[in-house]
Every structure is written in C-alpha cells, then in structure tokens.
Q: 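Encoded as structure tokens, here's the structure I'll be asking about.
The structure displayed is predicted, hence computed values, not measured ones. Positions are given from 1, in the same order as the sequence printed here.
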Amino acid sequence: MKRILLLSMLTLLSGGVQAQRKFKVTLDEAKNGTYTISPKLPKDGIVKRGTTLTIKGTPNEGYISDGGYFSTVDDGQVYYHEYMRSSFTVKVDREMNIGYAFVKEEAQEGLRVIQDVVYAKPGMKTLKYDIYSPKGKDRLPCLVIFHGGGWSHNSEEVMRGLARELAKSGRYVVFNVDYRWIDKEDGDKMPNTLQDLIEDAYGAVVHIMENASLYGGDSKHIFLTGDSSGGHLCSAVANFVERLGENGFNKQQNTFEFYPTYMPKGKTIEEIKEKLSKCIKGVAPNYGVFTTETFEKIFRDYPFAKEIAPINYIPEASSRAVPYFLLRGTEDPLISNEEVSRYMEALIKAGQQVEYLQVGGAGHAFFDWKADEKTQETFNKYGKYYAQYMLLFFDNILRVVTND
C-alpha cells in the first residue's frame, strides 16, 4: 500500500514538474515603434523553460527608445524588469509579458545620456548609475536620485522620467543610482541588510563625487533625492555622514558605523567624511520612511531599526546645515502624514531648514516611470509639475551657498 501511495505521489510531482517546463510569453503591443523577437514565438506563446529570447526595438520617426522590458505578476502586483538599450535578452523561467516602449525625441532633447556606470560589485549584483547631463554645459551641481521599491525591487530605470525632467532644466547633472536589494533577492548566499544598502548609497555618492567632472558636474555641490525606500536612503546619506567609519556596523558593542561600498584609492574615510559634509547641500526625500516605529512595523525581525532610521541622527544645523524638501501625496496609502510630519518636527528641532508640501490627490510613487500608460499618466499629472518645485528648492539653496 505504501509503495502504491509513493508511486502516486511521484507521478503527481512529475506531472507538476512537466507542467512547469513551459511558460506562456505574451507580447505587448508597441506604440510609436516596433520590436522583433528572436527566436520567433509559436502562435500560442508557449515557450520551453530556459529559452533565451532576444528583443530589439526600432522607434518611429520623431521617437527614441524608452527601453525594453519583461513584466511578471507576483501576488497580484506587476513588476517591470527594464533595459535601457536598443536590444536585450531574457531567459524564460516564468510566465511573462514582453514589450518595448518609445518616447518622443523631445524627452531627452539637449541631454547626453550615459547608461550603466559601474561603481561597485560587493555581491552578485553589479552596482551602477545612469547619467543625464545637459549638452554643452560644465561645472553644474550634481543631483543624485535613489529609486524606490521597498528596498527589494525596481532599479534606477524607474526614475528615468524624473531624471530627464530635472536634467532638462539645464542646471544640473543628474545621477540615477541603483543599489542592492535586501535579503537574498539579488541571488546572494548571505542576505543583504538595510545597513548594506546604506553603504551602497554612500558608495555611489562617493564615486560620483570623485568622477563628476567627467560628466560636466561640480562635486562641490551635491543634492540628494529619492522615492519611498529611496527617500529613506537619501535621508540616511544626508544625516549619517558623521557615522562613517571603519569599525563596522554592530561589529563592536554600541558601534554602528557605515563604510561606503566604493572607496577611492589613497583616500581615508576621514577625508571622505570631511568632503561629504561640505558637498552635500540639500536633500528632497519623497514619501519616504524616517521613523524607528515604521521600520519596526515593516521589518519585525530586524534588530537595528533605531540605528538606520534617519530621524534619530539629524545633525544640528549649527554644526552642519542640510536643508530638506519633503513631498507626500494626500492619498498615499503607505506613507502617512504623521510619518512625514514627525520627521519635519524633528528637523525643525535640530534647527534645519525644512519645507513640507503635500500633493493634493496624489497617491504613492507618483515620480515613477514605467512602460504602462497608467504610471506615465500619473507622472505626467503630478511628477512633472512637482519636479519643478524640487528644482526651485535646490536653486534657492544654490543662491544662498554661492553668495555666502
């Protein structure tokens, strides 16, 4: 009897494995351009697991590539995996949609765009950033963006709409940064921690600081922004400069120091701390996470919520001024007004200059840019408009610091 049951279970398991040897691939309709896929898909779209597909996009006249993508669904949520190239490859290992997006040439008019500048590789994932630099300009202040995605998904591409809007002002070189994902989401054997991601964010800023002049940037003036989890990271970079060091995070009792993922040869951490404290001029976190209590709710088993929450380490303005511009949508279901207001009050208590603007009717992630029409409509309604507010904030800081 046991043998019969075992054979039955093996048969069922075998059938389940067989069922997963093929997946359906759906091709999304392209607008303002076309794309090809090789090898050509069968009519039913059913593809053998492990098949590598090559996708190549061709824009219509007056348009440029906005990147190719494949999208997947997890727990009812659509996730985009994007590639800012004229062609890309994807290995089929699940059901997916594939497509290519195009935008009008004016979206990047006057900009020099450089993709995938590598700044570090601490694990499986190569860490990189994209650059949006106004053509013919030099010694412009640097504006660094950290994307959102719950510290566990998305890449810098999701901020390309905002990066283009900010750079098209002609007044800033924009650096759009990627970083590791938490836990084992990147495929690492050892889980990545929130403190690792903060060290990645510092590594990116240090690398940008060292190389800004190659792209028309002036490393003496660096501004930071970021969305959601990126709002946390840009605030951490702004607030934790004094906590940079070589003693490690929790390697010694009551010692929680950060060491940038990238460090230039021949430079000491003290030299980097001094330079960062002088060059970071302002920060604009959008619908970010700032308080210990919120981190404890999100990461219930994480023991260092206090040590990575920006609200606990705001520098006194008398020792280091870091002006803040806070944004939140009034309909945001994830980040409460209380969360942002508490942070604003803490900044005021430390003597820091702070502005808090609520965006009427906006939800979460209105600065995102993806291939789907809904995300782009939200960005065009809210993101474009409030990007100008952000620019005015940075412009005003520059007027003050350059006149001192």
Q: Verify ring pair (Phe, Tyr, Trp, His ring centres under 6.0 Å) between F88 and F70, making sure each step is shown before the conclusion.
A: CA-CA 10 Å; F88 70 99; F70 73 90; 7.6 Å; no
Q: Mind checking whether F146 and H232 have ring centres under 6.0 Å apart?
A: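 Here the rings of H232 and F146 have centres that are no less than 6.0 Å from each other.
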Q: Can you see which heavy atom on W181 is nearest to which on N154, and at what distance?
A: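 Minimum heavy-atom contact is NE1-O, 3.0 Å.
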Q: Looking at N239 and P310, would you say the former's side chain and the latter's main chain have a donor-acceptor pair under 3.5 Å?
A: yes
Q: Decide if the gap between the ring center of Y356 and the ring center of F325 is smaller than 6.0 angstrom.
A: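 No, they do not, as the ring centres are separated by 6.0 Å or more.
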Q: Examine Y129 together with F175 and report whether their ring centres are nearer than 6.0 Å.
A: yes
Q: For F299 together with W151, are the ring centres under 6.0 Å from each other?
A: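 Centroid separation for W151 and F299: below 6.0 Å.
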Q: If the plane angle is over 60° it's perpendicular, under 30° parallel, otherwise tilted; pick one for Y324 and Y343.
A: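 Plane angle over 60°, so perpendicular.
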Q: Could you walk me through whether Y69 and Y83 satisfy the ring pair (Phe, Tyr, Trp, His ring centres under 6.0 Å) test, starting with their C-alpha distance in whole Å, then the side-chain angles of each, then the deciding distance to 0.1 Å, before giving a yes or no?
A: CA-CA 6 Å; Y69 65 88; Y83 303 86; 9.6 Å; no
Q: Taking atom CZ of R139 as the centre, does the number of heavy atoms from other residues, nucleotides or ligands within less than 6.0 Å exceed 12?
A: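 No, CZ of R139 has 12 or fewer neighbouring heavy atoms, counting only those of other groups under 6.0 Å.
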Q: Taking everything shown except K220 itself, do over 12 heavy atoms lie less than 6.0 Å from its NZ?
A: no
Q: Between D44 and K24, is the salt bridge (Lys or Arg N to Asp or Glu O under 4.0 Å) condition met? List the steps.
A: CA-CA 8 Å; D44 61 5; K24 184 173 178 59; over 6 Å; no
Q: Grab the two heavy atoms, one from R160 and one from N176, that are nearest each other, plus how far apart they are.
A: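 In this case the closest contact between R160 and N176 is N-ND2, 3.8 Å.
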Q: Would F223 and F394 satisfy ring pair (Phe, Tyr, Trp, His ring centres under 6.0 Å), going step by step from the backbone distance to the final call?
A: CA-CA 7 Å; F223 297 96; F394 293 142; 4.7 Å; yes
Q: With E293, which of R342, R300, K306 fulfils salt bridge (charged side-chain N to carboxylate O under 4.0 Å, His left out)?
A: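 Among R342, R300, K306, the one meeting salt bridge (charged side-chain N to carboxylate O under 4.0 Å, His left out) with E293 is R342.
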Q: Check D200 against P122 and note the closest heavy-atom contact, atom names and distance.
A: OD1-CG, 4.1 Å
Q: Do F258 and F240 have ring centres separated by under 6.0 Å?
A: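 Distance test on ring centres: under 6.0 Å, yes.
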Q: When you measure from the centre of the six-membered ring of F256, is the NZ or CZ of R243 closer than 6.0 Å and no more than 45° off the axis?
A: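 Because its charged atom misses either the 6.0 Å distance or the 45° angle limit, R243 does not stack over F256.
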Q: Determine whether the aromatic ring centres of residues Y302 and F295 are separated by less than 6.0 angstrom.
A: no
